[in-house]
Visitor: 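Questions regarding the structure given below will be posed in turn.
Predicted model, so just to flag it, every value in this text is computed and none were measured. Chain identifiers are assigned alphabetically (A, B, ...) following the order of the sequence lines, protein sequences preceding nucleic acid strands; residue numbering begins at 1 within each chain. Because only heavy atoms are used, hydrogens play no part in the values below, and waters and symmetry mates are left out as well, while side chains stay in.
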2 protein chains.
Amino acid sequence: MSSGQPEPRRGRRPGGAGSRGQILAAARRLFAEHGFEGTSLRRVAREAHVDPAMIHHFFAGKDELFALSVELPADPSTVLAGLDRRDPSERAEALVRAVLGLWESPAQHSLLAFLRGTIGSKAKTAILGEIASQRILPRIMAGVAGTPEEVALRGNLVAAQLVGAVLMRYVIRLEPLASAGREDVVRLIAPTIQRYLAGDLPEPS
Amino acid sequence: MSSGQPEPRRGRRPGGAGSRGQILAAARRLFAEHGFEGTSLRRVAREAHVDPAMIHHFFAGKDELFALSVELPADPSTVLAGLDRRDPSERAEALVRAVLGLWESPAQHSLLAFLRGTIGSKAKTAILGEIASQRILPRIMAGVAGTPEEVALRGNLVAAQLVGAVLMRYVIRLEPLASAGREDVVRLIAPTIQRYLAGDLPEPS
DNA sequence: GATTTAATTCATCAGTTGATGAATTGTTCG
DNA sequence: CGAACAATTCATCAACTGATGAATTAAATC
């Protein structure tokens, strides 16, 4: 019995070892559960089975780790690809289906982390607003008729319904909505989105 | 020049002084801006012009302070009073108006703190779900026809649209929705809520 | 096989966190 | 007045935070 515990040897690990990936994965999971401030680098390191200093070896700091944990998931141009080629009058179903699909993909952890992290503080909420109105909504609203002001308002309403549904189904997990079939949800909320997108709206006073 | 700075004297302050109230007010504001973990007791104390130890004198700890900062705002029975006496077929407008009114009242800070604090972590999100499905939704859905399962689903959809709109208008502050008149917003989303509340929904597959 | 490069561990820093206990002083009540 | 009580301040704790620099070791390159 020379050594009960296989004490960790120093130096470079054999093989690729992928510590960087493990760190990112653990960071995504923890940021998703506890938000930005609620997640410590030491805990990320522990769950990634890695020395805390490795995080600073691969990433500049907590901010960069958060940014990179959260960056990949939502490439709007991929998720919403082809949407602008559909006529606005029948775009809602495809849109809802794409968003639900994304939230049921492996990207879910990252998306949750992003939502938790950004809604959690005022400064970060502003970032979310920028992303929504500059990178996501223009793609969704491409080709919709009306004055820019009106189209922007329609976009806000679409976002409200979409985000609200995602929040209830995937974040708060209200039943029975959380367990309903994806296509059922599409049928339930797509008509609303279709109306906001291109239907009749009351005139402002 | 015996004393340039009026150094704080010890002991009990003259008058009521209301330190407890100042602490609560500062806590509400800070929790609303930076969430639970992002807010330190020391900063609360500083902004309340109070010694950090006072917080522990009045409150058991950070958790209790958070709970009390956030408890008062939303007494569902007051906000939704009288709603269940309206027929479900014309309940939506009053509901939307009540919710928007609440979010434009002084309670806004507390509500923001509550949202930020609860969405920020998984454990606290569960609390939000409990409150929604046990204390708020039953009041909104009282007297709606249908099987319990169906009514619950309708409630989820109402909540989704309502929370989504609140998030866009008051938290993320998307324009032009954030600056639109309250009654305009009522007219825009009440029809959707009315449909979820008591309108035709597609059958589940 | 020698040199370079990258991955890993360790020890440690200064700052902050939530929390506690004692000391001090003003108010209130008998 | 004197005793009880509550508000306030101070000093301090152990734990944790993000971060840094140096030492060690394996792999990659030549």
Visitor: Calculate the interatomic distance between A/R20 atom CZ and C/dA7 atom P; express it in whole Å.
Guide: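 One finds 10 Å between P of C/dA7 and CZ of A/R20, rounded.
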Visitor: Mind calculating the distance between NE2 (A/H49) and C1' (C/dA7) to the nearest angstrom?
Guide: 18 Å
Visitor: Mark yes when over 12 heavy atoms from residues, nucleotides or ligands other than B/H109 sit less than 6.0 Å from its NE2; otherwise mark no.
Guide: no
Visitor: Take the angle between the ring planes of A/F66 and A/F31 and call it parallel below 30°, perpendicular above 60°, tilted in between.
Guide: perpendicular
Visitor: Choose from D/dG18, C/dA19, D/dT8 the nucleotide whose nearest atom is closest to any side-chain atom of A/L41.
Guide: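 For A/L41, the side-chain atoms sit closest to D/dG18.
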Visitor: In terms of side-chain heavy atoms of B/S40, which of C/dG18, D/dG18, C/dC10 is nearest?
Guide: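 Closest nucleotide to the B/S40 side chain: C/dG18.
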Visitor: Tell me: CD1 of A/I23 to C1' of C/dA7, nearest whole Å?
Guide: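 Atom CD1 in A/I23 sits about 11 Å away from atom C1' in C/dA7.
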Visitor: For DNA chain C, whose closest nucleotide is more 5', that of A/R42 or that of A/P52?
Guide: A/P52
Visitor: Within this structure, what is the NE2-CD1 distance for the pair B/H57 and B/I23, rounded to the nearest 0.5 Å?
Guide: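 B/H57 atom NE2 to B/I23 atom CD1 measures 9.0 Å (nearest 0.5 Å).
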Visitor: What's the closest nucleotide to the side chain of B/A53 if the choices are C/dT9, C/dG21, C/dG18?
Guide: C/dG21
Visitor: Check the distance between C/dT8's C1' and A/M54's CE and give it to me in whole angstrom.
Guide: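 After rounding, the reported distance stands at 5 Å.
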Visitor: Whole Å only: how far is the CZ atom of B/R46 from the P atom of D/dT9?
Guide: 15 Å
Visitor: Whole angstrom is fine here: how far is it from NE2 in B/H34 over to P in C/dT17?
Guide: 12 Å
Visitor: Heavy-atom contacts under 4.0 Å between residues 55-64 of chain A and DNA chain C, which residues?
Guide: A/H57, A/F58
